[in-house]
J.: 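Sharing a structure below in structure tokens format, with a few things to ask.
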2 protein chains.
Amino acid sequence: MANIQEVAQRAGVSVATVSRVFNNSSTVAKKTRLKVEQAIDELNYEPSVLGRNLRNSESRLLLVLIPSISNPFYSDIIRGIEDTAIGLGYNILLCETDSNPDRESIYFNLIRNRLADGIISMDPSVNKNKLIELASQYPIVQCSEFDEDSSISYVTINNELAAYHAVKHLIKIGQKKIALINSDEKFLYARERRRGYEKALNEYGLKVEADWICNTESLDFEDGKRAMRRLLDLFDRPTAVFAVSDMLAIGALKEVNSSGLRVPQDFAMIGFDKIAFSNMTHPTLTTIAQPMYKMGCISAKMIINKIQGKQVESIILDHELVIREST
Amino acid sequence: MANIQEVAQRAGVSVATVSRVFNNSSTVAKKTRLKVEQAIDELNYEPSVLGRNLRNSESRLLLVLIPSISNPFYSDIIRGIEDTAIGLGYNILLCETDSNPDRESIYFNLIRNRLADGIISMDPSVNKNKLIELASQYPIVQCSEFDEDSSISYVTINNELAAYHAVKHLIKIGQKKIALINSDEKFLYARERRRGYEKALNEYGLKVEADWICNTESLDFEDGKRAMRRLLDLFDRPTAVFAVSDMLAIGALKEVNSSGLRVPQDFAMIGFDKIAFSNMTHPTLTTIAQPMYKMGCISAKMIINKIQGKQVESIILDHELVIREST
DNA sequence: TTGAAAGCGCTAACAC
DNA sequence: GTGTTAGCGCTTTCAA
């Protein structure tokens, strides 16, 4: 593969001129530019990002940390990030952390190695202290997840209000015995969504039953199934469930279906996230939509602004109730 | 962030010695090594990958091209690639091409820019000629997809045989009217799976009905639904379907469910891929499992061998029939 | 066992 | 408008 030297030689100019042509520096005569462009074509030349980045100490690469790419929740966010970042001349390194601290440090080192210019983190169980420490030296933003007490900028939704709307919808369609399938409340969003759930119940004079609140270990289909099993085994069964994630709701739905109850006639179900699958279940799932694509776009814009030294502010976006067959 | 210079200064040695310590060169005295290691610790030094790579003209980065991260088919493969690659000192750049040639060239340029050392492509609709041209200059392997007439190494399964097994399973459980929901036959795997379908029918004296073969535009849920709708509207309806992808099968299943037919009593369904979601449907989906994780591991090993100049050979792996509720 | 120095490919400051 | 050259951070030869 040709380098800038050979192009310069072939075009009969200096390397500086070749560089100027590539960077659209205006101070190149048309004739010279033409000569150079021809040489570039002939040699099929592409500048080495390595050389350029070393010189400029930037890589134009963004790290995107996610726990698992198999979680469809992240698809649209990532598309938003990619579209925005590529438009602004940055490329994306998708990093699957598996919520594993070792995996995570590998990726953290990538930014300390200057192989990436910034990080967008969507990992809720990220090593908090390390992230905060890193954020004091390098550009970092959080998307969807965030820490209340750190100064890392974020983009997210109002989880409490969204949960409140979900539960209120169940109440409005006549449900009185509403259970909550929540994830581990070590996560901020889980605590917030629980608050929203309780707020709606209180507002309509419904009692919060401890038995009707399940906490799952993770957000998998199986967790949803298990939680639903537990609820159906209760003496005083609920007749509706608000699950804090569609995957949990889909697991719960599967369990309800298997038990012979009909949805929505005998049982109502509402999820959270509006993942693509939530429209493929039988029946389709009512859910809360987060503006994922937009969240991705904004977080990309945010991190790039931060990299370029601009001031950035955290943003809270609106959610939307999507009513489908399950309620 | 400290650089090698500062570490050398602090340790009272030359930069060459610091480099030796970092690269485990044996020719460093214990005492010197200790001094250097202390300086490294104190300054919290991490070598710049940019500098190192420029010098060595390697990046230890692998590109993984996939059409869409939201397709769960790729999850396990990618996990296999990651586990293997990270173990061998390489990091992964996940590239979503959206099957968009423009997107694709961005990533192709990354390797021409020496920002990546090799490519694992899983994109079936990749610009074939460009990929072949690139493969003549850079290390490239194909995973799952491949071209019969190119010399690019690949790892895949025997698609014809797998389809044959799927259809044979339907026949064995008494099905006689078996439809095929296939994707676009511009893809090699689609042509191969069709051959397997026809072979099984022929072997058991069942006629191949043109009406019972649907080709879909892409592999989405909606395509499966549409295809199933068409089949159910036929005067002479099939009573079983082999879909060449779980997503298509799940769409078809949804349509069957909605039409009031019961699965598996009135209608049998078999998919392909064993994506996680195929176990979450109602009823759960019988499917053909590809050894995805293993495919990932092998393709990673393969590309790294290729990068290191070793000879590599294409591999065909075994598949497995997973019988669940839908048949 | 260690150091000096060249050079990987590029950009930008400076000179002409 | 263009060329010369220093230097980004590192590894590796060569010499001591």
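Every chain is numbered from 1 and lettered A, B, ... according to where its sequence line falls, protein lines coming before strand lines.
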J.: Nearest whole angstrom, please: distance from the P of D:dT11 to the CD of B:Glu58.
T.: 11 Å
J.: Starting at CD of B:Gln5 and ending at P of C:dA5, how long is that distance when rounded to a whole Å?
T.: 13 Å
J.: How many Å lie between CG on B:Leu43 and P on D:dG9, as a whole number?
T.: 14 Å
J.: Using the rule side chain to side chain donor-acceptor pair (under 3.5 Å), only one of A:Thr156, A:Asp273, A:Asn159 pairs with A:Gln290; which is it?
T.: A:Asp273
J.: Quickly work out the A:Ile4 CD1 to C:dC10 P distance and round it to whole Å.
T.: 5 Å
J.: Looking at A:Asn3 and A:Glu6, would you say the former's side chain and the latter's main chain have a donor-acceptor pair under 3.5 Å?
T.: yes
J.: With no hydrogens and no angle check, is any side-chain donor or acceptor of B:Asp147 less than 3.5 Å from a backbone partner on B:Asp149?
T.: no
J.: Which sits closer to the 5' end of DNA chain C, A:Val49 or B:Ala16, going by the nucleotide each is nearest to?
T.: B:Ala16
J.: Look at A:Ser48 and C:dG9 and indicate whether a side-chain polar atom (N or O) is within less than 4.0 Å of OP1 or OP2.
T.: no
J.: Between A:Asn3 and C:dG9, does any side-chain N or O lie under 4.0 Å from OP1 or OP2?
T.: yes
J.: Does B:Asn53 have a side-chain nitrogen or oxygen under 4.0 Å from the phosphate oxygens OP1 or OP2 of C:dC8?
T.: no
J.: If only atom types and distance count, is the side chain of B:Thr84 paired as donor or acceptor with the main-chain N or O of B:Gly80 below 3.5 Å?
T.: yes
J.: Is any side-chain nitrogen or oxygen of B:Thr17 closer than 4.0 Å to OP1 or OP2 of C:dG3?
T.: yes
J.: Take atom CZ of B:Phe22 and atom C1' of D:dG9, then tell me their distance rounded to the nearest Å.
T.: 13 Å
J.: Whole angstroms only, please: what is the NZ-C1' distance between A:Lys35 and D:dT2?
T.: 10 Å
J.: Distance check needed: D:dT5 C1' versus A:Arg20 CZ, whole Å only.
T.: 12 Å
J.: Does the A:Ser19 side chain pair with the main chain of A:Val15, one donor and one acceptor, at a distance under 3.5 Å?
T.: no
J.: How would you label the contact of B:Val18 with the nucleic acid (heavy atoms, under 4.0 Å): base, sugar-phosphate, or nothing?
T.: nothing
J.: Contact class for A:Leu50 (heavy atom, under 4.0 Å): base, sugar-phosphate, or nothing?
T.: nothing
J.: Axis-to-axis angle across the helix from C:dT1-D:dA16 to C:dC16-D:dG1, five pairs an end, to 10 degrees?
T.: 40°
J.: Which of the following nucleotides, C:dA4, C:dT1, D:dG3, is nearest to the side chain of A:Val13?
T.: D:dG3
J.: State whether the distance check finds a donor on one side and an acceptor on the other, under 3.5 Å, for side chain B:Arg55 versus base C:dG9.
T.: no
J.: Measure from CZ on A:Arg52 to C1' on D:dG9 and round the result to the nearest Å.
T.: 18 Å
J.: Taking the side chain of A:Leu54 as its heavy atoms from C-beta onward, which of C:dG9, C:dA5, D:dG1 lies nearest to it?
T.: C:dG9
J.: For the side chain of A:Arg112 and the backbone of B:Glu46, is there at least one donor-acceptor N/O pair under 3.5 Å apart?
T.: no
J.: Examine distances only and state if a side-chain atom of A:Asn71 and a backbone atom of A:Phe73 form a donor-acceptor pair shorter than 3.5 Å.
T.: yes
J.: Got a sec, which pairs hit salt bridge (Lys or Arg N to Asp or Glu O under 4.0 Å) with one end in residues 70-89 of chain B, sequence neighbours left out?
T.: A:Glu96-B:Arg79, A:Arg103-B:Glu82, A:Arg103-B:Asp83, B:Asp76-B:Arg79
